[in-house]
Novice: 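Can you keep this structure in mind? I'll have questions shortly.
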Amino acid sequence: MESYRGSLARPGAALLWLALTAAPAAAQGGSGWGIREENVSALVLFIVFSIVIVVSIRLARMGRPLFVRRIAGLNAVEEAIGRSTELGRKVLYVPGIMSIDEVQTLASLAVLKHVAKHTAEYGTPLDVPNKDPLTFAAARETVKEAYLEAGRPDLFSDDIVHYITYDQFAYTAAVSGIMVREKPAANFLVGSFYAESLLLAEAGQGTGAIQIAGTAEVAQIPFFVVTCDYTLIGEELYAASAYLSREPVMLGSVKGQDFVKLMLLAWIVIGLLIATFFGNLALQGWLQPQ
Amino acid sequence: MFRKRIPLLLTFIAGMLPILSFLFRGPALRDEDPTGNGILHVSDTFERWMVILAAAALLLGVVNVFQVNLRKISNRAQGWPYALVFLLALTITGFFGLWDAFSRASNTAWYAHAAYNWIVEAGFKPLQATMFSLLAFYVASAAFRAFRVRNVEAAILLAAALLIMLGVNPYVVRALPFLPDLTQWTLNIPNAAAQRGIIIGAALGAASMALRILIGIERSYLGLQKGE
Amino acid sequence: MTALFQRLMNIDRRWLYLLVGLAAVIPILLPLNLPVNVAQSVQDLYDRVESLPAGSVVLASFDYGPSTGPENDPMADAFLRHCLARDLKVLCIALYPLGGVTEGAEELQRAVGPLDPANGVLESTAFPGKFYGRDFVYLGYKDGGQATMRQMGENVHAVFPREYYQAPVTDYELSNQVRGYGDVSFVMSFATGIIGEWWANLVNAQYGTPVAVGCTAVSAPKYFAYYKAGQMFALLPGLKGAAEYEYLVKQKYGQIAEATAADVYNAGKGWDVQSIVYTIITLFIVIGNVGFLLERRQRRS
Amino acid sequence: MASELWVWVGALFTLCILSFLYKDNPFFRFAESAFGGISMGYYINLTFRNTFVPNLIAPLFHAGPAYSAATYPTREPEHWLLIAPFLLALVLYSRYVPKIAWMSRFALAVYVGYYAGLNMMQKLQGEVLPQSADTIRSFWRFLPERLPIWLDAQTRTVSWGEWISSLVFVIGVLAVLVYFFFSAEHKGVVGGVGRLGIWFLMISFGAAFGYTIMGRVSILIGRVIFLVDDWLGLG
């Protein structure tokens with residue numbers, strides 16, 4: 001656990017605390033400083049959210065039990081890589097088509113690191129074709145690090161993470177070609193996808209590979225659910241890195257996120273009752289559609 | 001130590017900029033900025049820089065594509081002729097593309113524009129539209145294979161899909177006049193409710209992931225060892 | 001019997017692809033004219049156009065691009081021909097950035113015939129006696145979305161100083177006559193995304209101008225809420241709506257029926273393709289399930 | 001039969017891609033490679049035309065096609081500041097210099113950091129708050145004084161159907177939220193509500209899948225028209 005002692009968690013939490021204490025003072029305006037009235041509800045949610053997450057991380061570090069329900073898709077990751085190793089075929093990892101400004105891509109890179117560590121340990125060939133240049137640059141660093149951590153830097157080569165093209169459909173054509181020709185035994189489609197989700201998943205399904213998909217693009221989830229063996233839906237993708245790493249600090253943040261959702265559920269139910277039966281209560285301000 | 005702490009610090013600072021400009025107002029940076037959204041102005045300027053950085057990253061892709069394909073051609077790896085086709089197409093389109101990009105304003109080299117446009121109309125657009133049109137076939141094969149009554153959930157999935165598909169069939173609608181309204185209701189109520197549930201949950205998950213990145217716990221994107 | 005379903009259940013997907021391919025080609029080459037039953041939201045548009053006195057002016061807005069042509073183009077053809085056959089006057093504009101202006105020009109000329117106002121070619125070949133500038137006019141594309149819509153409420157000439165062929169709008173009788181939403185009987189928007197909604201929740205809400213929309217299938221659920229709430233008096237949902245409206249217009253106007261039949265593509269053909277593909281998929285789902293259940297019963301016994 | 005060459009090339013490329021439906025073959029592979037190269041060139045043009053020439057080269061270097069004395073009369077401070085993204089791009093390219101390759105992480109760190117912060121705000125302010133607030137208003141909007149103004153007087157009552165639909169809607173949202181709970185095993189109450197959540201999810205996935213078929217088929221119709229009319233002229 002000591003690995004995080006030198007991390008930024010402590011100064012980060014301190015700065016957030018500073019923002020909280022300074023906020024009321026700044027609210028009076030002074031020399032042009034002040035809270036943006038139109039975003040005050042976001043400020044409150046941001047403060048509450050940050051506090052709960054940081055506190056639950058500290059609790060996790062102090063050894064509080066951290067139960068997280070089974071996520072089928074993530075339990076199947078190791079099984080899929082094992083199958084590829086037995087069949088002597090490669091593992092294909094598609095990190096989505098968006099750049100690292102999209103949080104889903106960053107979640108995908110976290111899963112990629114876990115997958116790469118296994119392919120390094122088992123010596124299974126890994127293929128990570130990219131559509132976005134920045135995702136490509138980040139993925140290369142992630143996979144190199146994973147092979148280092150697994151103690152097999154010798155297995156890492158520059159061909160594992162490679163760039164295809166910047167067009168969504170040209171990239172899909174190339175990846176469909178890889179799926180059909182090189183017949184990887186495990187296809188990972190994790191990250192942000194649009195219309196090409198079904199093109200990739202159906203092409204992969206035809207080759208008989210195990211397919212694990214994960215995205216938060218609501219419009220594309222149905223296509224993955226219908227064609228893939230396992231699908232990580234919405235927040236399951238974001239919890240993947242914590243779930244796979246099993247590290248208390250990461251799991252702590254997921255627990256914190258759950259607690260905020262519990263508060264949100266309560267706020268919705270209570271708000272619903274108040275709004276319906278007392279209609280024009282002080283909640284009014286919050287209810288006005290912006 | 002220096003190589004690891006600096007990137008994490010940069011991430012934190014770059015991350016706080018949009019948050020602060022979103023939540024607070026800063027002092028007026030220049031006289032013609034009476035509303036005092038100084039921080040917003042800084043954040044917007046920073047965003048324009050990020051767009052330029054993302055565009056500059058394209059070169060990383062181009063360099064890698066040349067490396068991979070040239071290596072494939074030089075040692076006659078399997079499928080090297082296709083690598084040659086790729087590089088030729090890239091060089092020709094790239095050449096006319098750059099020439100067009102730099103000459104379009106002054107329209108001196110109209111033929112550069114004409115050649116580039118010809119490649120886009122003859123190659124890029126039809127290839128893109130046809131790849132997209134494959135979805136009509138894949139939707140059919142996916143529906144045929146997946147909509148099977150294996151369990152309760154699969155049965156509901158099938159029922160909802162059939163409800164929508166039968167809702168547009170004129171014969172069926174004549175037999176069951178209430179069907180279009182039921183289709184509308186299914187899309188507007190249960191479908192919208194489920195999507196909202198996913199959106200709220202995913203938004204919390206994304207915010208949690210973003211926070212983990214800002215305070216330096218989530219760093220796999222940087223390829224930093226936990227202990228490094 | 002089960003052997004047949006067994007084989008059908010595990011059929012090679014490429015037979016399915018062949019069927020979908022044929023279903024997409026055959027109706028385009030030889031029209032099948034499958035029956036159509038008209039929804040109320042489509043009938044409302046037909047009745048409104050039929051009820052307007054001759055000489056009334058309607059505003060047609062092209063709010064879509066080439067990518068959704070197969071769904072929106074047939075709506076525009078049928079509507080423009082219907083209005084001209086009813087001796088209404090049509091003022092056309094385009095608000096969609098990615099190629100909206102070319103869609104507008106192409107569709108107008110497909111309905112009325114080739115035009116070249118700059119060199120005096122004003123008369124419509126499809127509707128003899130009707131002239132560009134007096135019976136129909138096209139003001140071209142203007143970006144700005146909601147801001148442009150609000151400005152048009154005050155003064156259309158400020159938004160569109162020149163018509164599509166670059167002559168001042170005051171040169172032509174029809175474009176000169178229309179200054180604001182008050183001068184048109186209703187607005188017809190052919191839309192793919194958000195612009196159709198703006199016509200309803202902005203122009204209809206603030207100016208009270210009746211609004212009808214022809215939208216793509218994907219955005220139809222969204223627009224139905226506006227139709228049900230009364231903010232739109234009519235709605236053509238996707239190709240299904242277009243085929244129903246085209247059917248109504250063809251019934252009454254023989255001349256339009258011939259013109260539509262002559263087109264290589266129209267709503268009727270498009271809808272035939274959709275109906276057949278839907279039927280194929282539904283059929284194969286039923287086959288797949290019957291085979292699956294028979295197999296499970298066999299395994300159990 | 002079409003006379004222009006570009007129609008022929010477009011039609012042959014279309015057939016090459018469609019041949020992939022039968023099986024992978026050299027024609028598809030050729031089209032795939034050509035498509036990759038052409039699309040890369042297309043985005044090189046787009047990147048220079050939309051970003052570099054107007055937003056970097058013109059303001060910073062006062063050169064290039066987009067620069068003219070009229071548009072850039074003086075040297076504004078923010079033009080000078082464009083040195084920063086230019087340097088950040090060079091840092092990104094440091095990847096090719098082995099000795100200082102680790103520096104390229106700085107550029108990635110800044111880019112990821114900025115959008116992580118931006119995303120956090122957009123998700124909280126743009127999704128969590130409005131969607132939750134709208135769910136709270138599910139019944140509030142039916143109160144007599146809340147009904148939209150354009151509903152004329154006598155129809156301002158709300159049918160039982162709309163109340164029940166809103167109830168079903170709220171139950172659906174809450175059930176799906178509970179289904180994705182991480183901290184509780186799917187047993188007992190949570191299990192029950194979670195199961196209801198899965199049913200809502202399945203209705204949504206089935207309906208969404210069924211509904212998009214129409215849009216996908218329209219795109220195919222567009223290609224068929226190009227082949228049948230523009231190329232073969234059988235129309």
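Lettering follows sequence order; numbering is per chain, from 1.
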Novice: What part of Asn50(D) lies closer than 4.5 angstrom to a heavy atom of chain B: side chain, backbone, both or neither?
Specialist: neither
Novice: What part of Ile57(D) is in contact with chain B, defined as an atom under 4.5 angstrom from a non-hydrogen atom: side chain, backbone, both or neither?
Specialist: side chain
Novice: Does the side chain of Met50(B) come within less than 4.5 Å of Leu88(D)'s, by heavy atoms?
Specialist: yes
Novice: Out of Asn119(D), Leu174(D), Thr135(D), return the one with the most heavy atom pairs under 4.5 angstrom to chain B.
Specialist: Thr135(D)
Novice: Could you have a look at Ala129(B), Gly201(B), Gly79(B) and say which one has the most heavy-atom pairs with chain D under 4.5 angstrom?
Specialist: Ala129(B)
Novice: With a strict 4.5 Å heavy-atom criterion, list every residue of residues 89-97 of chain B that contacts chain D, or say none.
Specialist: Ala89(B), Leu90(B), Thr93(B), Gly94(B), Gly97(B)
Novice: Can you say whether Ala140(B) sits under 4.5 Å from chain D via the side chain, the backbone, both, or neither, judging by heavy atoms?
Specialist: neither
Novice: Under 4.5 Å from any heavy atom of chain B, what part of Ile198(D) do you find: side chain, backbone, both or neither?
Specialist: side chain
Novice: Please classify the contact between Tyr211(D) and chain B as side chain, backbone, both or neither, with a heavy-atom cut-off of under 4.5 Å.
Specialist: both
Novice: So what's closer than 4.5 Å to chain B heavy atoms on Ala84(D): side chain, backbone, both or neither?
Specialist: side chain
Novice: Considering residues, nucleotides and ligands other than Trp163(D), do more than 12 of their heavy atoms fall under 6.0 Å from its CH2?
Specialist: yes
Novice: Using a 4.5 angstrom heavy-atom cutoff, name the option from Val152(B), Ile199(B), Asn191(B) with the most pairs to chain D.
Specialist: Asn191(B)
Novice: Got Val51(B) and Thr51(D) here, is their nearest side-chain heavy-atom distance under 4.5 Å?
Specialist: yes
Novice: For Ala155(B), is it the side chain, the backbone, both, or neither that has a heavy atom closer than 4.5 Å to a heavy atom of chain D?
Specialist: neither
Novice: What part of Ala192(B) lies closer than 4.5 angstrom to a heavy atom of chain D: side chain, backbone, both or neither?
Specialist: both
Novice: Output all residues satisfying side-chain hydrogen bond (donor to acceptor under 3.5 Å, both in side chains) with Gln131(D), sequence neighbours left out; order by chain, then residue number.
Specialist: Arg196(B)
Novice: Looking at Thr45(B), Ile119(B), Leu60(B), which has the largest count of heavy-atom pairs under 4.5 Å with chain D?
Specialist: Leu60(B)
Novice: Counting only heavy atoms not in Phe27(D), do more than 12 fall under 6.0 Å of its CZ?
Specialist: no
Novice: Can you tell which part of Ser132(D) gets under 4.5 Å to a heavy atom of chain B, answering side chain, backbone, both or neither?
Specialist: both
Novice: Which bit of Ile164(B) comes within less than 4.5 Å of chain D, counting heavy atoms only: side chain, backbone, both or neither?
Specialist: side chain
Novice: Among Ala34(D), Ser165(D), Ala89(D), which residue has the highest count of heavy-atom pairs closer than 4.5 Å to chain B?
Specialist: Ser165(D)
Novice: Which distance, rounded to the nearest 0.5 Å, do you find between the CD of Glu32(D) and the OH of Tyr82(B)?
Specialist: 9.5 Å
Novice: Using a 6.0 Å cut-off, check whether atom CZ of Phe61(D) has over 12 heavy atoms from anything other than its own residue.
Specialist: yes
Novice: For Leu177(D) and Ile200(B), what are the C-alpha separation, side-chain angles and deciding distance, and is it a side chain to side chain contact (heavy atoms under 4.5 Å, CB included)?
Specialist: CA-CA 8 Å; Leu177(D) 281 174; Ile200(B) 293 178; 3.9 Å; yes
Novice: Is Met214(D) in contact with chain B via its backbone, its side chain, both, or neither, using a 4.5 Å heavy-atom distance?
Specialist: side chain
Novice: Select, from Leu127(B), Ile156(B), Thr11(B), Leu10(B), the one with the greatest count of heavy-atom pairs under 4.5 Å involving chain D.
Specialist: Leu127(B)
Novice: Please classify the contact of Tyr96(D) with chain B as side chain, backbone, both or neither, using a heavy-atom distance under 4.5 Å.
Specialist: side chain
Novice: Which bit of Val173(D) comes within less than 4.5 Å of chain B, counting heavy atoms only: side chain, backbone, both or neither?
Specialist: both
Novice: Measuring from Ser33(D):OG to Asn69(B):CG, what's the distance to the nearest 0.5 Å?
Specialist: 8.0 Å
Novice: Distance check, rounded to the nearest 0.5 Å: Leu82(D) atom CG versus Trp49(B) atom CH2?
Specialist: 7.5 Å
Novice: Apply side chain to side chain contact (heavy atoms under 4.5 Å, CB included) to the pair Asn45(D) and Leu98(B), showing each step before the final yes or no.
Specialist: CA-CA 5 Å; Asn45(D) 167 280; Leu98(B) 283 172; over 6 Å; no
Novice: Can Phe35(D) and Met131(B) be said to form a side chain to side chain contact (heavy atoms under 4.5 Å, CB included), step by step?
Specialist: CA-CA 10 Å; Phe35(D) 190 13; Met131(B) 248 341 260; 4.1 Å; yes
Novice: Under the criterion side chain to side chain contact (heavy atoms under 4.5 Å, CB included), I'd like the reasoning laid out for Leu157(B) against Phe209(D): C-alpha separation, chi angles, the key distance, then a yes or no.
Specialist: CA-CA 9 Å; Leu157(B) 188 82; Phe209(D) 190 97; over 6 Å; no
Novice: Go through the atoms of Phe86(D) and report whether side chain, backbone, both or neither lie under 4.5 Å from a heavy atom of chain B.
Specialist: neither
Novice: Give, as side chain, backbone, both or neither, the part of Phe169(D) having an atom under 4.5 angstrom from any heavy atom of chain B.
Specialist: both
Novice: Determine the option with the most heavy-atom pairs under 4.5 angstrom with chain B, choosing from Leu124(D), Val128(D), Leu46(D).
Specialist: Val128(D)
Novice: Taking only residues two or more places apart in sequence, or in another chain, which ones meet Tyr111(D) in a ring pair (Phe, Tyr, Trp, His ring centres under 6.0 Å)?
Specialist: Tyr115(D)
Novice: Are any non-hydrogen side-chain atoms of Phe132(B) and Leu220(D) less than 4.5 angstrom apart?
Specialist: no
Novice: Among Thr186(B), Leu187(B), Ile213(B), which residue has the highest count of heavy-atom pairs closer than 4.5 Å to chain D?
Specialist: Leu187(B)
Novice: Shorter than 4.5 Å, heavy atoms on both sides: which option in Leu163(B), Ile13(B), Val120(B), Leu59(B) has the most such pairs with chain D?
Specialist: Leu59(B)
Novice: Drop me the distance from Ile17(D)'s CD1 to Ser133(B)'s OG, to the nearest 0.5 angstrom.
Specialist: 9.0 Å
Novice: What residue, out of Arg29(D), Met40(D), Met121(D), Arg195(D), has the most heavy-atom pairs lying under 4.5 Å from chain B?
Specialist: Arg29(D)
Novice: Under 4.5 Å, counting heavy-atom pairs only, tell me which of Gly197(D), Pro26(D), Ala11(D), Ala31(D) racks up the most with chain B.
Specialist: Pro26(D)
Novice: Rounded to the nearest 0.5 Å, how far apart are OG of Ser141(B) and CG of Leu21(D)?
Specialist: 9.0 Å
Novice: Taking all atoms of both residues into account, what is the closest heavy-atom pair of Leu214(B) and Ala116(D), and its distance?
Specialist: CD2-CB, 4.1 Å
Novice: May I ask you to decide if the ring planes of Phe102(B) and Phe48(D) are parallel, tilted or perpendicular, using 30° and 60° as cut-offs?
Specialist: tilted
Novice: Counting only heavy atoms closer than 4.5 Å, note whether Phe181(D) contacts chain B via side chain, backbone, both or neither.
Specialist: neither
Novice: For Glu47(B), give me all partners under side-chain hydrogen bond (donor to acceptor under 3.5 Å, both in side chains), at least two apart in sequence or on another chain.
Specialist: Tyr114(D)
Novice: Heavy-atom pairs under 4.5 Å with chain B - which of Phe226(D), Trp199(D), Tyr93(D), Phe200(D) has more of them than the others?
Specialist: Tyr93(D)
Novice: Within this structure, what is the CG-CZ distance for the pair Leu81(D) and Arg48(B), rounded to the nearest 0.5 Å?
Specialist: 10.0 Å
Novice: At a heavy-atom separation under 4.5 Å, does Ser39(D) approach chain B through its side chain, its backbone, both, or neither?
Specialist: both
Novice: Can you check whether Arg49(D) reaches Asp100(B) side chain to side chain, under 4.5 Å on heavy atoms?
Specialist: yes
